Amino acid sequence: MAAALGIGLDRGAAAAFRGAGIDVVVESARFFGWRLAHPAVAWIPDLQHRSLPQLFPTTARWRRELGFRMQIASGRTIMLSSESALRDFKAYYPGARNKVCVVRFATQPPAAFLNTDPSDVIAEYNLPANYFYLPNQFYRHKNHQLVVDALTILKGRAIDVVICASGSKEDRREPGYYDLVNSEIQKRGLEAQFRHLGVIPLPHVYALLRASTALINPSRFEGWSTTVEEAKSFGVPVILSDIDVHREQTSGAARYFGVDDPVSLADHLMQISEMNSPPTVRNIVPHQDDNVRAFARSFSDAIRQTAVS
C-alpha cells in the first residue's frame, strides 16, 4: 500500500500480473497504484462508512475513503453490488466519471456442504423444531438489539419464539458490543429465546438455514446481503429490515420492518409462529443455476468492458 500510494505502483504485484499473463486486475480491498499498466476493476462492496460514519473510528473511516478516492481518481472501472450502492456512489462522488457496473452476486452452495442432516444439527445445538435464524456477525449495524427488543415484546404477550443466531462476537471497531447485547438478553430473561451459537461450521449454517422457519436480517445497512442471497437460493422465507437494498434484493417478496421498529418485527414473528406450519427442510430452488449464470454473465461483461476500454 505504501508503494502504491508513494510511487504509484505496487511493483511486486505488477510483476506478478505480468508474469502470469493477467489481462484485467480486480481490486478487492486493495489498491495497486495509479501507474498500474493493467486495466483494473475496483469492487466497492458498500459505502457504509459514508452512510453510517459514527460506526467507524476516524482513522478507519478515512483509510477506507482514501482507498476509494484513489481508485476513482485512477480511472478504475467501479463495480458495485446493487442499484442502492450505485445511488450512494453517485450521491457521495458526484464528480466521478468512471465506468460503473452493477453486478449483483448470487450464491451456489457447494453440494458437499449440503450433506449434513439438519435434524442432527438441530439436535446438537438443542434447538426446537421451529426457530428463526439470524446468521449475522455481531456488528452494531447488524442491529441485534432490535431483535432482543422484539423478543421482549413477545415475552410480554406470552408468545414463545426462539431466535437462533450464529456468527462472530468480535468487532474490532467496537469490541464490547456483543457483551452489551448479551447483558440485555440476560437482564430480560431471554436466554431461552435468543440462542447464540458463535462461529459454526458452514455445513451447519446451511443446515440451520434450510430447516429454519424464516431467516431474519435486521441490518441497518447492506451492500448486497449474503445471508439473504443464501436464503433465496433455498426458498427460505425472509423477514428483513426495510432498507432499499433489501427491497431490491427480494423484489418485494419478503416481510419488512423498520430498523427502529421492534413492534413490527414482533408482529411478523408472532404471525408466522401462529401459522403452526410443520418443520420443512428445503433444497436448492430449481432456478438457482439460472441466477448464478446471470451473475456470471454480468461479472464477465464488466471484465470485458474494462479490458477493451
Side-chain angles (χ1 to χ4, degrees), residues 45-46 81 104-144 146-148 151 161-172 177-178 181-182 185 191-241 245-246 249-250 254-255 265 269 272 277 279-289 291-292 295:
D46 61 60
S81 297
R104 303 177 183 86
F105 66 80
T107 62
Q108 182 71 291
F113 286 177
L114 305 183
N115 293 331
T116 303
D117 187 339
S119 62
D120 292 340
V121 178
I122 290 169
E124 179 176 341
Y125 295 120
N126 195 29
L127 294 170
N130 291 299
Y131 60 89
F132 296 88
Y133 193 30
L134 173 56
N136 283 2
Q137 313 283 32
F138 263 84
Y139 303 154
R140 184 175 287 275
H141 77 276
K142 294 296 186 180
N143 210 15
H144 291 79
L146 185 83
V147 178
V148 175
L151 287 174
V161 165
V162 171
I163 305 292
C164 168
S166 65
S168 173
K169 302 176 183 179
E170 305 301 325
D171 183 356
R172 288 177 297 175
Y177 178 66
Y178 171 80
V181 175
N182 193 47
I185 292 170
E191 295 93 336
Q193 288 74 39
F194 193 104
R195 316 273 189 90
H196 183 235
L197 309 180
V199 178
I200 62 177
L202 197 51
H204 289 194
V205 171
Y206 287 131
L208 292 175
L209 176 61
R210 293 167 60 205
S212 65
T213 301
L215 173 117
I216 304 173
N217 189 343
S219 184
R220 292 180 178 276
F221 194 92
E222 295 284 343
W224 190 256
S225 171
T226 302
T227 62
V228 172
E229 206 58 39
E230 289 173 338
K232 286 167 54 182
S233 73
F234 294 111
V236 175
V238 287
I239 308 172
L240 308 175
S241 55
V245 72
H246 279 163
Q249 198 165 1
T250 56
R255 289 173 176 257
L265 174 56
L269 295 173
I272 293 175
S277 300
T280 301
V281 175
R282 304 167 186 84
N283 294 311
I284 296 288
V285 295
H287 58 272
Q288 188 61 13
D289 284 345
N291 296 337
V292 173
F295 161 50

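Bear in mind the structure is a predicted one, so any value in this text is a computation, not a measurement.
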J.: Taking the six-membered ring where the residue is Trp, are the ring centres of H196 and F138 under 6.0 Å apart?
T.: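 Ring-ring flag for H196/F138: true, centres closer than 6.0 Å.
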J.: How long is the span from the OG1 atom in T280 to the CG atom in N283, to the nearest 0.5 Å?
T.: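 Reported value, rounded in 0.5 Å steps: 11.0 Å.
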J.: Kindly indicate whether the side chain of D171, heavy atoms from C-beta on, has any atom under 4.5 Å from the side chain of Y177.
T.: no
J.: Decide yes or no on side chain to side chain contact (heavy atoms under 4.5 Å, CB included) for V281 and D117, but give the supporting numbers first.
T.: CA-CA 9 Å; V281 175; D117 187 339; over 6 Å; no
J.: Hey, does the side chain of Q288 reach the backbone of T107 with a donor-acceptor pair shorter than 3.5 angstrom?
T.: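 Yes.
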J.: Output all residues satisfying side chain to side chain donor-acceptor pair (under 3.5 Å) with D46, sequence neighbours left out; order by chain, then residue number.
T.: R64
J.: Can a donor-acceptor pair be found, under 3.5 Å and without considering hydrogens, that links the side chain of S168 to the backbone of E170?
T.: yes
J.: Taking F105's backbone N and O only, do any of them form a donor-acceptor pair with W224's side chain (distance below 3.5 Å, no angle check)?
T.: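 Yes, the answer is positive, given that a donor and an acceptor are paired below the 3.5 Å cut-off.
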J.: Quick one, F132 with V147, criterion side chain to side chain contact (heavy atoms under 4.5 Å, CB included). Give me CA distance, side-chain angles, the key distance, then yes/no.
T.: CA-CA 11 Å; F132 296 88; V147 178; over 6 Å; no
J.: Which pair of heavy atoms, one from V121 and one from A207, lies closest together, and at what distance?
T.: CG2-CB, 3.8 Å
J.: Mind checking the OG-CD spacing from S119 to E124? Nearest 0.5 Å is all I need.
T.: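 Atom-to-atom, S119:OG and E124:CD are 11.5 Å apart.
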J.: Apply side chain to side chain donor-acceptor pair (under 3.5 Å) to the pair N291 and E229, showing each step before the final yes or no.
T.: CA-CA 10 Å; N291 296 337; E229 206 58 39; 5.8 Å; no
J.: If we only count heavy atoms from C-beta on, is the Y125 to I200 side-chain gap below 4.5 Å?
T.: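 The answer is yes, as the side chains (C-beta and beyond) meet within the 4.5 Å cut-off.
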J.: K169 versus N182: any side-chain heavy-atom pair under 4.5 Å?
T.: no
J.: Drop me the distance from L197's CG to C164's SG, to the nearest 0.5 angstrom.
T.: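 Going from the CG atom of L197 to the SG atom of C164 covers 4.0 Å.
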J.: Testing the basics here: between V245 and G223, what is the closest heavy-atom pair and its distance to 0.1 Å?
T.: CG2-O, 3.3 Å
J.: Is H246 reaching over with its side chain to a backbone N or O of L240, donor-acceptor style, under 3.5 angstrom?
T.: no
J.: With a 4.5 Å cut-off on side-chain heavy atoms, are L151 and I185 touching?
T.: no
J.: Can you check side chain to side chain contact (heavy atoms under 4.5 Å, CB included) on Q249 and K232, steps first, answer last?
T.: CA-CA 9 Å; Q249 198 165 1; K232 286 167 54 182; 4.0 Å; yes
J.: So which heavy atom on R195 is nearest to which on A192, and how close?
T.: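 Smallest interatomic distance, heavy atoms only, reads NE-O, 2.7 Å.
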J.: Taking side chain as C-beta onward, heavy atoms only, is V285 less than 4.5 Å from F234?
T.: no
J.: Measuring from atom CD1 of I239 to atom CG of L265, what distance do you get when rounded to the nearest 0.5 angstrom?
T.: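 Between atom CD1 of I239 and atom CG of L265 there are 6.5 Å.
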J.: I'd like to know whether H204 forms a side chain to side chain contact (heavy atoms under 4.5 Å, CB included) with T116, so could you lay out the CA-CA distance, the side-chain angles of the two residues, the decisive distance to 0.1 Å, and finally the verdict.
T.: CA-CA 7 Å; H204 289 194; T116 303; 4.2 Å; yes
J.: Can you give the donor-acceptor pairs under 3.5 Å from side chains of residues 211-221 to other protein atoms, not counting sequence neighbours?
T.:
from, atom 1, to, atom 2, distance (Å)
S212, OG, L209, O, 2.8
T213, OG1, Y131, N, 3.4
T213, OG1, Y131, O, 3.3
N217, OD1, N136, ND2, 3.1
N217, OD1, S219, N, 3.0
N217, ND2, S225, OG, 3.1
N217, ND2, T227, OG1, 3.4
S219, OG, H141, O, 3.4
S219, OG, F221, N, 3.2
S219, OG, F221, O, 2.7
S219, OG, E222, OE2, 3.1
R220, NH1, D260, OD1, 3.3
R220, NH2, D260, OD1, 2.6

J.: Are any non-hydrogen side-chain atoms of H144 and Y139 less than 4.5 angstrom apart?
T.: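 Of all side-chain heavy-atom pairs linking Y139 with H144, none is under 4.5 Å.
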J.: Is the shortest side-chain heavy-atom distance between P237 and R282 below 4.5 Å?
T.: yes
J.: Side chains of N130 and P128, heavy atoms from C-beta outward: is any pair under 4.5 Å?
T.: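 The answer is no, as the side chains (C-beta and beyond) never meet within the 4.5 Å cut-off.
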